[in-house]
Amino acid sequence: MFQFESVHWNQLLVLWGPPLLKTAGVLVIGIWLARRLTGMVPTALTRFGFDPMLGNFLRNIAYIAAVVIVVVVALGTLGVETTPLLAVIGTAGLAIGLALKDSLSNIASGVMLVTLRPFHVGDVVTAAGQTGTVREVRIFQSVLEGPDKQLHTIPNNLITSSVITNLTTQGIRRVELVIGIGYGDDIKQARRVALEQVRADSRVLEEPGADAVVYELGDNAVNLGIRCFVKSSDWFGTKTTLLERIKTAYDAAGISIPYPQRDTHLYLYDGDGKRASLPAPVPRDEPVVR
């Protein structure tokens with residue numbers, strides 16, 4: 001039976017104390033240096049004109065690689081043979097890579113995003129069904145901040161495998177309003193009134209010019225498409241303002257905005273299959289006899 005009393009603690013302390021302290025020092029100092037040095041990567045790349053998104057992405061990869069190197073060096077100070085260890089790490093990395101192929105696809109997609117740069121940090125994009133401002137591209141996911149200040153964390157492979165719509169790159173966006181008017185209303189008057197309200201807004205750009213066209217002869221209304229261009233930052237505010245102004249102007253001009261409605265026709269037939277006339281309606285002031 002193992003006896004603690006038989007252990008020569010002084011000899012163990014003398015034998016293993018210095019190597020363990022040396023290994024601990026290598027780990028602490030190495031990880032500290034790895035964090036400090038990799039933290040300088042985004043700043044250095046930004047000074048050379050690179051996108052901040054690329055700097056943050058490379059910082060994360062460099063930090064992971066640096067930590068692995070520090071651990072291997074620390075084990076070497078204990079006398080562990082590092083060559084077999086590196087072979088084991090390589091084999092384990094291959095096995096883990098096969099097991100985590102989806103995660104590796106996220107890494108590859110992240111590399112594509114920072115290399116091809118379909119968007120930059122601060123751009124407003126629609127990706128993987130989510131719309132928001134790009135805040136960060138990480139190794140496995142990208143972070144978008146929605147208009148409601150919620151953060152959407154999306155796997156990178158979902159972004160690269162779907163359509164990416166950048167709403168910021170061009171600097172301007174089109175405001176498109178679809179407003180229905182009654183079939184009995186004057187289309188030219190409705191178009192003129194709408195364009196007056198659009199052109200009266202200082203946020204609307206003169207070029208490309210605003211226009212109003214007939215989009216569709218709908219079931220209940222003639223749908224007008226009222227279109228203009230504004231700066232990307234003014235898009236939402238301009239859209240809501242124009243909707244209110246055009247509605248108020250249409251009310252003042254006597255132009256109706258119809259709501260969905262349906263006409264129902266009722267036909268009665270007698271026993272011979274001939275159409276019968278509907279019974280006369282009962283006056284409201286007379287009681288109904290049942």
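Worth knowing before you read on, the calculation uses all heavy atoms, side chains too, and leaves out hydrogens, waters and symmetry mates.
- At a threshold of 4.5 Å between side-chain heavy atoms, the hydrophobic network of Ile, Leu, Val, Met, Phe, Trp and Tyr places Leu37 and Ile64 in two separate groups.
- With hydrophobic clusters built from ILVMFWY side chains whose heavy atoms lie under 4.5 angstrom apart, Tyr63 shares a cluster with Val70.
- Looking only at side-chain heavy atoms (C-beta outward), Leu224 and Val214 come within less than 4.5 Å of each other.
- Proximity of Arg138 to Val143: side-chain heavy atoms (C-beta onward) are separated by under 4.5 Å at one or more points.
- When the shell of 6.0 Å around CD1 of Ile29 is examined, it contains 12 or fewer heavy atoms from other residues, nucleotides or ligands.
- Ionic pairing of Asp186 and Lys188 is not present here: no N-O contact between side-chain nitrogen and carboxylate oxygen is shorter than 4.0 angstrom.
- Here the side chains of Arg245 and Asp201 are in contact, with some heavy-atom distance below 4.5 Å.
- Salt-bridge annotation for Arg227 and Asp211: present, with a side-chain N of the basic residue lying under 4.0 Å from a carboxylate O of the acidic one.
- Contact check for Phe119 versus Thr169: no side-chain heavy atoms found under the 4.5 Å cut-off.
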**Study point:** Candidate pair Arg173 and Asp234, rule salt bridge (charged side-chain N to carboxylate O under 4.0 Å, His left out), full reasoning
**Key:** CA-CA 9 Å; Arg173 288 184 64 181; Asp234 294 333; over 6 Å; no
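- When side chains are defined from C-beta on, Ile154 counts as touching Gln130, because their heavy atoms get closer than 4.5 Å.
- From Phe140, atom CZ reaches atom OG of Ser109 across 11.5 Å, with rounding to the nearest 0.5 Å.
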Point to revise | Step-by-step side chain to side chain contact (heavy atoms under 4.5 Å, CB included) determination, Val222 to Asp185 | key: CA-CA 9 Å; Val222 177; Asp185 294 316; over 6 Å; no
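- For the atom pair CZ of Arg35 and CE of Met40, the computed distance is 15.0 Å after rounding to the nearest 0.5 Å.
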Review point. Could you walk me through whether Val175 and Leu177 pass the side chain to side chain contact (heavy atoms under 4.5 Å, CB included) check?
Key: CA-CA 7 Å; Val175 175; Leu177 309 176; 4.0 Å; yes
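- Scanning both residues, Ile255 and Ala190, for their nearest heavy atoms gives CD1-CA, 3.6 Å.
- The shortest distance between side-chain heavy atoms of Ser232 and Val124 does not fall below 4.5 Å.
- When each of Thr153, Asn157, Asn106, Leu158 is paired with Gln141, the side-chain contact (heavy atoms from CB on, under 4.5 Å) condition holds for Thr153 and for no other.
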Check your understanding: Passes side-chain hydrogen bond (donor to acceptor under 3.5 Å, both in side chains), Thr165 versus Thr126? Steps please.
Key -> CA-CA 5 Å; Thr165 304; Thr126 298; 5.3 Å; no
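- Other residues, nucleotides and ligands place no more than 12 heavy atoms under 6.0 Å from the CZ atom of Phe236.
- Atom-to-atom distance recorded for Phe229:CZ and Ile172:CD1 is 5.5 Å, nearest 0.5 angstrom.
- Leu243 and Tyr250 fall within a single hydrophobic cluster, where Ile, Leu, Val, Met, Phe, Trp and Tyr side chains are chained together by heavy-atom contacts under 4.5 Å.
- Within the 3.5 Å criterion, the main-chain N or O of Ile179 finds no donor-acceptor partner in the side chain of Asn223.
- Looking only at side-chain heavy atoms (C-beta outward), Asn156 and Thr160 stay at 4.5 Å or farther from each other.
- Placement of Leu217 and Ile257 within a single hydrophobic cluster is found when ILVMFWY residues are connected by side-chain heavy-atom separations under 4.5 Å, directly or transitively.
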Exercise for review: Please report the C-alpha distance between Arg135 and Val121 in whole Å, then the side-chain angles of each, then the deciding distance to 0.1 Å, and finally whether the side chain to side chain contact (heavy atoms under 4.5 Å, CB included) criterion is met.
Suggested key: CA-CA 6 Å; Arg135 292 305 180 203; Val121 172; 5.8 Å; no
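- In this structure, Asp123 contributes its side chain and Val125 its backbone to no donor-acceptor pair below 3.5 Å.
- Checking side-chain atoms of Trp235 against main-chain N and O of Val230 turns up no donor-acceptor pair under 3.5 Å.
- Of all non-hydrogen atoms in Thr131 and Pro147, the two that sit nearest each other are O-CD, 3.7 Å.
- For the pair Leu113 and Ser142, the minimum side-chain heavy-atom distance is below 4.5 Å.
- The hydrophobic cluster containing Leu167 does not contain Ile159, counting ILVMFWY residues as joined when their side-chain heavy atoms lie under 4.5 angstrom apart, directly or transitively.
- Looking only at distances, no side-chain donor or acceptor of Asp251 sits under 3.5 Å from a matching main-chain atom of Thr248.
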Check your understanding: Checking side chain to side chain contact (heavy atoms under 4.5 Å, CB included) for the pair Tyr215/Glu176: CA distance, chi angles, key distance, verdict?
Key -> CA-CA 11 Å; Tyr215 267 1; Glu176 185 172 13; 2.3 Å; yes
